[in-house]
Amino acid sequence: MSLNEQKALLEEIAPELIEYKPKVEEKKLPPLPHALRGRVVTRLPPEPSGYMHIGHAMSGILNYVYAKMYDGKIWLRFEDTDPRKVKLEYYESFRKGYRWLGIEWDYEKNNSDDMELFYEYAEKLINKGYAYICFCKQDKIKVYRREGIKCEHRDHSVEENIRFWNNLLDGKYGEGEAVLRLLGDMSSTNTTMRDPSIFRIVKHPHPLHGSKYIVWPLYDYAVAIEDYLCNVTHVLRTSEFALRDELQNYIRKILGMDREIHYIEYSRFEFKGTPVSKRKLRKIIEMGLASSWDDPRFPTVEGLIRRGIMPEAIREFTLTQTGFTYVKREYDWSLLYAYNRRVLDPTARRLFFVPDPVELIVEGLKSGEIALPYHPTNKELGYRKIRYSNIFYISKSDVATVKPGTIIRLKYLANFRIVDIDLNNNKVVSEYVEGGPSESLQIIQWVPKVEYIPVRVLVPEPLYLDEEEINNESLKIIDGYGESNIIDIRYGEIVQFERFGFCRRDSEKENIFIKSHE
RNA sequence: GCUCCGGUAGUAUAGCCAGGACAAGUAUACGGGGCUUUCGACCCCGGGACCCGGGUUCAAAUCCCGGCCGGAGCACCA
């Protein structure tokens with residue numbers, strides 16, 4: 001008895017004895033250092049200055065899963081302290097994106113809601129001699145910081161600084177004329193510690209607060225304070241922030257905010273040929289290669305949705321394929337597809353789509369109607385009916401290399417023997433052969449001539465061939481014929497076109513699909 | 001230029017801090033086989049990696065030094 005026969009027999013006589021092992025063991029994230037059950041607080045800190053993308057998504061999942069793992073809490077906190085970059089529509093892009101991923105946040109706030117508080121703390125710092133108003137030009141500050149040179153404004157008295165600060169708040173200076181700087185250490189090897197600016201003037205309305213404020217805090221200052229105020233215990237973020245841990249800890253220390261915050265940093269999540277950078281994506285749009293930010297080739301959440309990527313797949317992928325490394329990494333899309341396929345396969349309806357069709361006549365086949373299952377094993381998905389005569393469309397590639405005399409099977413329907421192939425005129429003549437499926441027979445999908453519809457499938461491919469070289473043919477168009485039941489596929493539904501791949505309906509009215517993967 | 005950080009199969013990772021059962025685990029991709037009326041799913045098998053050089057040690061993927069390569073930062077962005 002073969003192993004498979006034994007298994008089959010066992011299943012028949014004693015199914016309860018069979019041990020079903022999940023294919024992929026649920027990989028647990030490594031333990032979070034310094035984490036106490038019920039005490040962990042993490043955060044989703046998007047800057048609403050662009051659309052949410054897969055990097056935000058994966059980082060968000062990490063922060064969320066860790067919070068859940070320790071029965072902790074998670075904040076959604078918008079880092080919106082640059083009025084010039086922030087836009088209302090982007091706030092919503094992130095809320096929608098996180099919801100789509102299944103991330104439920106416990107609290108929500110905007111950094112820009114705490115402006116008065118930021119001012120209060122600034123005054124404290126000035127009074128303690130930890131901050132000073134600097135009137136140097138931006139370029140000079142830059143050079144001095146690089147060289148580690150102190151400027152003359154550093155020596156102003158507390159009284160002078162308070163007066164300047166009030167002038168600043170009162171709008172007596174123009175943009176670029178003055179900033180509030182933290183008294184750090186101009187000789188530190190960590191350049192972020194060399195008297196960083198913590199407030200600057202921005203005379204531009206904020207989408208949430210209009211023109212109420214003209215003095216805005218910079219990132220490190222706002223984040224340091226907010227993380228404390230939100231009781232954040234663990235920060236998981238990408239490595240471009242690594243050098244700022246020291247600064248943010250320092251800001252809290254001189255403000256008397258004594259609570260340790262743990263940082264875990266890792267390199268960006270990137271996918272081959274799919275840049276996340278706004279600059280590179282904008283270039284694609286400007287070149288006319290894509291028309292919008294929800295393009296299925298884009299890494300934006302909207303793009304991923306159109307491409308048929310499921311949130312569960314992103315989640316599994318993040319939990320199993322990710323690590324806290326500083327190495328530059330570029331994921332192969334196939335890694336994500338593998339998880340997506342596992343999500344889609346059990347519930348995606350199967351239908352027939354014939355790319356690059358040629359006509360097939362099956363002489364001797366009587367016309368009729370047949371019911372075919374929507375899924376090979378999931379019977380709940382039911383059946384669909386197809387009416388047919390003896391003329392069909394099949395894919396050119398399925399007959400391109402076969403010779404007359406070959407017998408092929410139309411899946412679920414009939415076998416035929418090829419009599420003549422005329423590929424120049426896209427015609428194949430054959431005769432009906434009685435019999436069912438057998439292991440030697442090639443089985444292909446088909447579409448009847450009496451009822452078919454034209455179907456278009458868009459196939460997304462990498463946008464970039466390497467760092468800078470753009471792929472000019474990143475979106476392939478495949479036209480073909482599909483069975484008429486395709487009309488009933490809902491907008492947004494993902495189905496599997498048999499022997500072609502998983503595809504998502506991308507249009508309410510037109511039969512346009514986007515291929516996810518095979 | 002300066003300052004940090006890192007280099008494990010095609011890809012992504014585990015292991016490194018606390019050297020020894022690591023002839024390096026896992027996923028995916030790839031090759032072969034099985035199952036299946038799909039080229040999907042599922043099952044089995046297979047090949048494939050510790051950046052280079054030196055040192056310490058009985059023993060190095062793991063510790064030390066040098067080189068090479070890569071990443072991040074050096075904003076009145078976040």
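Throughout, a chain's letter reflects where its sequence line sits, starting with A, and its residues are numbered from 1. In this text the structure is predicted, and so the values were computed from the model without any measurement.
Phosphate proximity of B/rG70 to A/R329: absent, as no side-chain N or O sits under 4.0 Å from OP1 or OP2. Taking only side-chain nitrogens and oxygens, A/R84 never comes nearer than 4.0 Å to OP1 or OP2 of B/rC76. OP1 or OP2 of B/rC76 sits under 4.0 Å from a side-chain N or O of A/S197. The shortest distance between the side-chain N/O atoms of A/T81 and the OP1/OP2 oxygens of B/rA78 is below 4.0 Å. At least one side-chain nitrogen or oxygen of A/R200 sits closer than 4.0 Å to the OP1 or OP2 atom of B/rC77. Between A/R350 and the phosphate of B/rA41, there is no side-chain N or O to OP1/OP2 separation shorter than 4.0 Å. Close to B/rU13, at under 4.0 Å from its OP1 or OP2, lies a side-chain N or O of A/Y331. When the side-chain nitrogen and oxygen atoms of A/R268 are compared with OP1 and OP2 of B/rG70, none of them lie within a distance under 4.0 Å.
Residue contacts shown for A/L218 are limited to sugar-phosphate atoms, with no base heavy atom under 4.0 Å away. When heavy atoms are screened at a 4.0 angstrom cut-off, A/D345 is found touching base atoms of the nucleic acid. Counting any heavy atom pair closer than 4.0 Å across all strands shown, A/E330 reaches sugar-phosphate atoms only and no base atom. Residue-level contact check: A/R194 touches neither bases nor backbone, having no heavy atom under 4.0 Å from any strand. Looking at heavy-atom distances under 4.0 Å, A/K328 makes contact with sugar-phosphate atoms alone, never a base. Residue-level contact check: A/P376 touches the bases, meaning some heavy atom is under 4.0 Å from a base atom. Within 4.0 Å of A/S267, counting heavy atoms only, lies no atom of the nucleic acid at all. Contacts of A/Y219 with the nucleic acid, taken as non-hydrogen atoms under 4.0 Å apart, include base atoms. When heavy atoms are screened at a 4.0 angstrom cut-off, A/G323 is found touching the sugar-phosphate backbone but no base atom. Using a 4.0 Å heavy-atom distance criterion, A/F502 is classed as a sugar-phosphate-only contact. Note on A/A242: nothing from the nucleic acid sits closer than 4.0 angstrom, heavy atoms only. Within 4.0 Å (heavy atoms only), A/D398 reaches at least one base atom of the nucleic acid. Residue-level contact check: A/S188 touches neither bases nor backbone, having no heavy atom under 4.0 Å from any strand. Heavy atoms of A/V179 sit under 4.0 angstrom from at least one base atom.
Distance CG (A/L351) to P (B/rU37): 19 Å, rounded to an integer number of Å.
Using P as the reference atom, B/rG31 and B/rC39 are 15 Å apart when rounded to the nearest Å. Spacing between B/rC16 and B/rU56 at atom P, rounded to whole Å, works out to 25 Å. Taking the C1' atoms as reference points, B/rU13 lies 13 Å from B/rC50, given to the whole Å. For the C1' atom pair drawn from B/rA9 and B/rG47, the interatomic distance equals 10 Å after rounding to whole Å. Spacing between B/rA49 and B/rU11 at atom C1', rounded to whole Å, works out to 12 Å.
Comparing atom distances between the A/Q321 side chain and each of B/rG73, B/rA12, B/rA78 picks out B/rA12 as nearest. Checking B/rU28, B/rG6, B/rC4 against every side-chain atom of A/Y326, the shortest atom distance belongs to B/rG6. If you check B/rC77, B/rU3, B/rU37 against the side chain of A/P437, the one that comes closest is B/rU37. Here B/rU37 is the nucleotide among B/rA12, B/rA78, B/rU37 with the atom lying nearest to any side-chain atom of A/K411. Listed nucleotides: B/rU13, B/rC74, B/rC4. Nearest to the side chain of A/L243: B/rC4. Among B/rU3, B/rC77, B/rA12, the nucleotide with an atom closest to any side-chain atom of A/L335 is B/rA12. Taking every side-chain heavy atom of A/R341 into account, B/rA41 is the closest of B/rA41, B/rA78, B/rG1.
B/rC63 is paired with B/rG55 under the criterion used here, namely a Watson-Crick or G-U wobble arrangement in which both key atom distances are under 3.5 Å. Of all nucleotides present, only B/rC69 satisfies the Watson-Crick or G-U wobble test against B/rG6, with each distance under 3.5 Å. Across the strands present, B/rU11 finds its partner in B/rA27; the criterion is a Watson-Crick or G-U wobble pair with both atom distances under 3.5 angstrom. Applying the Watson-Crick and G-U wobble criteria (two distances, each under 3.5 Å), B/rU38 pairs with nothing in any strand. With a cut-off of 3.5 Å on both Watson-Crick or G-U wobble distances, the partner of B/rG48 is given as none. Remark: B/rC16 base-pairs with no nucleotide; criterion is Watson-Crick or G-U wobble with both hydrogen-bond distances under 3.5 Å.
The nearest pair of heavy atoms linking A/D195 to A/R145 is O-NE, 4.1 Å.
A tilted orientation is assigned to the rings of A/F497 and A/F500, their planes being inclined by 30° to 60°. In this structure, A/H209 and A/H206 have tilted ring planes: the angle between them lies in the 30° to 60° band.
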Quick one, A/F199 with A/W165, criterion ring-ring contact (aromatic ring centres under 6.0 Å, His included). Give me CA distance, side-chain angles, the key distance, then yes/no.
CA-CA 10 Å; A/F199 278 92; A/W165 169 248; 5.3 Å; yes

Check step by step if salt bridge (Lys or Arg N to Asp or Glu O under 4.0 Å) holds for A/E226 and A/R43.
CA-CA 10 Å; A/E226 287 298 341; A/R43 26 154 258 191; over 6 Å; no

Assess whether ring-ring contact (aromatic ring centres under 6.0 Å, His included) is satisfied between A/Y337 and A/F502, documenting all intermediate values.
CA-CA 10 Å; A/Y337 292 160; A/F502 291 94; over 10 Å; no

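Annotation: proximity of residues 133-145 of chain A to RNA chain B (heavy atom, distance under 4.0 Å) is found for A/C136, A/K137, A/Q138, A/I141, A/K142, A/R145, numbered in ascending order.
Judged purely by atom type and a 3.5 angstrom limit, A/R504 has no side-chain atom pairing as donor or acceptor with the backbone of A/K515. Panel note: side chain A/R505, backbone A/I486; a donor-acceptor pair is recorded below 3.5 Å.
Partner of A/W446 under the ring pair (Phe, Tyr, Trp, His ring centres under 6.0 Å) criterion, out of A/F353, A/Y481, A/F352: A/F352 alone.
Proximity of A/Y250 to A/Y130: side-chain heavy atoms (C-beta onward) are separated by under 4.5 Å at one or more points.
Nearest-nucleotide positions on RNA chain B for A/F324 and A/E498 put A/F324 closer to the 5' end. Each of A/T325 and A/R499 lies near RNA chain B, and the nucleotide nearest A/T325 is the one positioned closer to the 5' end.
The ring of A/F241 has its center closer than 6.0 angstrom to the ring center of A/Y219.
A donor-acceptor contact under 3.5 Å links the side chain of A/Q496 to the base of B/rU38.
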